[in-house]
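Report on one structure; see the data block that follows.
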2 protein chains.
Amino acid sequence: MPAWAGLPDGWAVGETGLVPGGATRSDTRMGQHKPRSRIQRQNRETILEAALAVFSQHGFRGATLDMIAAQAGLSKPNLLYYFPSKEAIHVSLLSQLMDTWLAPLRALNPDGDPIAELRAYMRRKLELSRDYPRESRLFANEIIQGAPRIEHALATDLKALVDEKSAVIRGWSAAGRIADVDPHHLIFSIWALTQHYADFDVQIRAVLGANRDPLTEAEGFLDRLFTRLLAP
Amino acid sequence: MPAWAGLPDGWAVGETGLVPGGATRSDTRMGQHKPRSRIQRQNRETILEAALAVFSQHGFRGATLDMIAAQAGLSKPNLLYYFPSKEAIHVSLLSQLMDTWLAPLRALNPDGDPIAELRAYMRRKLELSRDYPRESRLFANEIIQGAPRIEHALATDLKALVDEKSAVIRGWSAAGRIADVDPHHLIFSIWALTQHYADFDVQIRAVLGANRDPLTEAEGFLDRLFTRLLAP
DNA sequence: ATTGTTTTTGACCAAATGGTCAATCGGACG
DNA sequence: CGTCCGATTGACCATTTGGTCAAAAACAAT
């Protein structure tokens, strides 16, 4: 199963999945690509799971269809029976990822307690780093290389969401309920600090040495950090 | 010229540069690979500069010798006259980079004012993100993919340096001159927050929209953040 | 000019890689 | 049992790519 199964999700968005067999779906309603057979869903999931492992570790170009096929336990032509191309697999992963990735920010409740809400947001993002490091690295790889495949989503969906939540945070500042910090950079700092523990995992473990638990320690550290930063 | 020319550097370390021509250096002292002709130094620099641009944008496997050759204005066989392989170019870049990258931490002065020292460290790292984003991304690419080529340096050189400076910071905490925070995670937070502005540049600009200057804003934000975090 | 050395490159090569295709397999159903 | 259709794959292909090599330029020293 895909790693993000059972998350505060919402599917939606892109999903560039062309149905195998080539034939156009007889379904008239647009965007209704679901009716795949049991075995099809199964294999698509297997492939995406394998592709996640390979893409996140080697990047798009570093990954080969053979690697993904081997990891999935399928033949290469069989991969291409379920996905039209290597890029389609990649895009499919990215579009699923976006939702999972933004869910924690979506959940920021304007009516909750400001500091509690922001700390909860940070903690949820840290949980993603702990539980879904491969997804984090897949995303990081894409952004570092200039986000060729998701730049548009960043400038539209992501920007809209961040702007919306920034307004909320600005309101909290104005009301004196949290310190007066730039909301955008506050959000960036949450991203940076939490994702760092997934993306730079090797480095962190190399520096800390074995028998220390980076993610657990991070929780305490970051909690203190944001508490101090946000105190009015 | 390489982008990091004129930095608080120190060369040293690896430098896996085999001298073209195949002949062994007559120099008896080990590690003395320098005596290259003017044109050789020139072309090696041109190649490394081009390779930095290409590797940092496409990752190791995403980069091709043809891209690098084109960027450098040289023929592909000519590249391989100056470097034995694609990997040698990459390693050469990484080993130079390590020094530049760690210089700011090395400069942390145990006898200075704790908060001023740590803020200065943060600011120097942020300057690296502003002035050498390609180097930052090259490094990030390598770490994300498991640091296959520099894991050893991380576990030895880097760990040693961080441990050393951590002891200093712990001393400051114990003396009540800064708040009691875990030194390792404090350093990680500086890395995360500053490098994020280089590595995730596209995302940040997409979210902030044009006509905002991320790096300048970041300086103020981060200064406030660390001031609040470290206040005893 | 002549000779010797360093640089440069066009032509090639073998391996890797994304993708195609015709043929085969397998199971559901009549 | 036989038919049909989705699933699977071995063989194959064109292109890309890291790397080689022998020959040609450049250049230096006499």
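Just so you know, these numbers use all the heavy atoms, side chains as well, and skip hydrogens, waters and symmetry mates. Residue numbering restarts at 1 for every chain, and letters A, B, ... go by the order of the sequence lines.
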A:Ile39 CD1 to D:dG6 P, straight-line distance once rounded to whole Å: 12 Å

Heavy atoms only, 4.0 Å cut-off, all strands: where does B:Leu80 land among base, sugar-phosphate and nothing? base

Base, sugar-phosphate, or nothing: which does B:Ala69 touch, judged by heavy atoms less than 4.0 Å apart? nothing

Ignoring backbone atoms, establish whether B:Tyr81 has a side-chain N or O less than 4.0 Å from OP1 or OP2 of C:dT8. no

Atom pair distance, as rounded to whole Å: CD1 in A:Ile47 and P in D:dA7: 11 Å

A:Arg44 atom CZ is separated from D:dG6 atom P, nearest whole Å, by 17 Å

On DNA chain C, compare the nucleotides closest to A:Leu65 and A:Pro77; which residue's is nearer the 5' end? A:Leu65

Pairing of A:Arg134 and A:Glu49 as salt bridge, 4.0 angstrom limit: yes

Whole Å only: how far is the NE2 atom of A:His90 from the P atom of C:dG19? 13 Å

Without decimals, in angstroms, what is the distance between B:Phe83 CZ and C:dT7 P? 13 Å

Expressed as a whole number of angstroms, how long is the span from B:Asn43:CG to D:dA26:P? 15 Å

Run the salt-bridge test on A:Arg205 and B:Glu151 with the 4.0 Å N-O cut-off and return the result as yes or no. no

For D:dG6, does OP1 or OP2 lie under 4.0 Å from any side-chain N or O of A:Gln40? no

Students often mix this up, so state it plainly: with edges at 30° and 60°, are the rings of A:His185 and A:Phe188 parallel, tilted or perpendicular? perpendicular

Of the candidates C:dG19, C:dT8, D:dG19, the side chain of B:Ser85 sits closest to D:dG19

Inspect the contact between A:Asp201 and A:Arg130 and indicate whether a charged nitrogen and a carboxylate oxygen are less than 4.0 angstrom apart. no

Quick one: A:Ile89 CD1 to C:dG19 P, roughly how many Å, whole number? 9 Å

C:dT7 P sits how many Å from B:Gln42 CD, rounded? 12 Å

Looking at A:Arg61, I'd like to know whether one of its side-chain N or O atoms comes within less than 4.0 Å of OP1 or OP2 on D:dT17. yes

Can you see if the side chain of B:Asn78 gets near the phosphate of C:dT7 - specifically, an N or O under 4.0 Å from OP1 or OP2? no

Minimum-distance pair of heavy atoms, taken over all atoms of A:Ile187 and A:Ser166: CD1-OG, 3.9 Å

Donor-acceptor pair under 3.5 Å: do we get one between A:Lys76's side chain and the base of C:dG19? yes

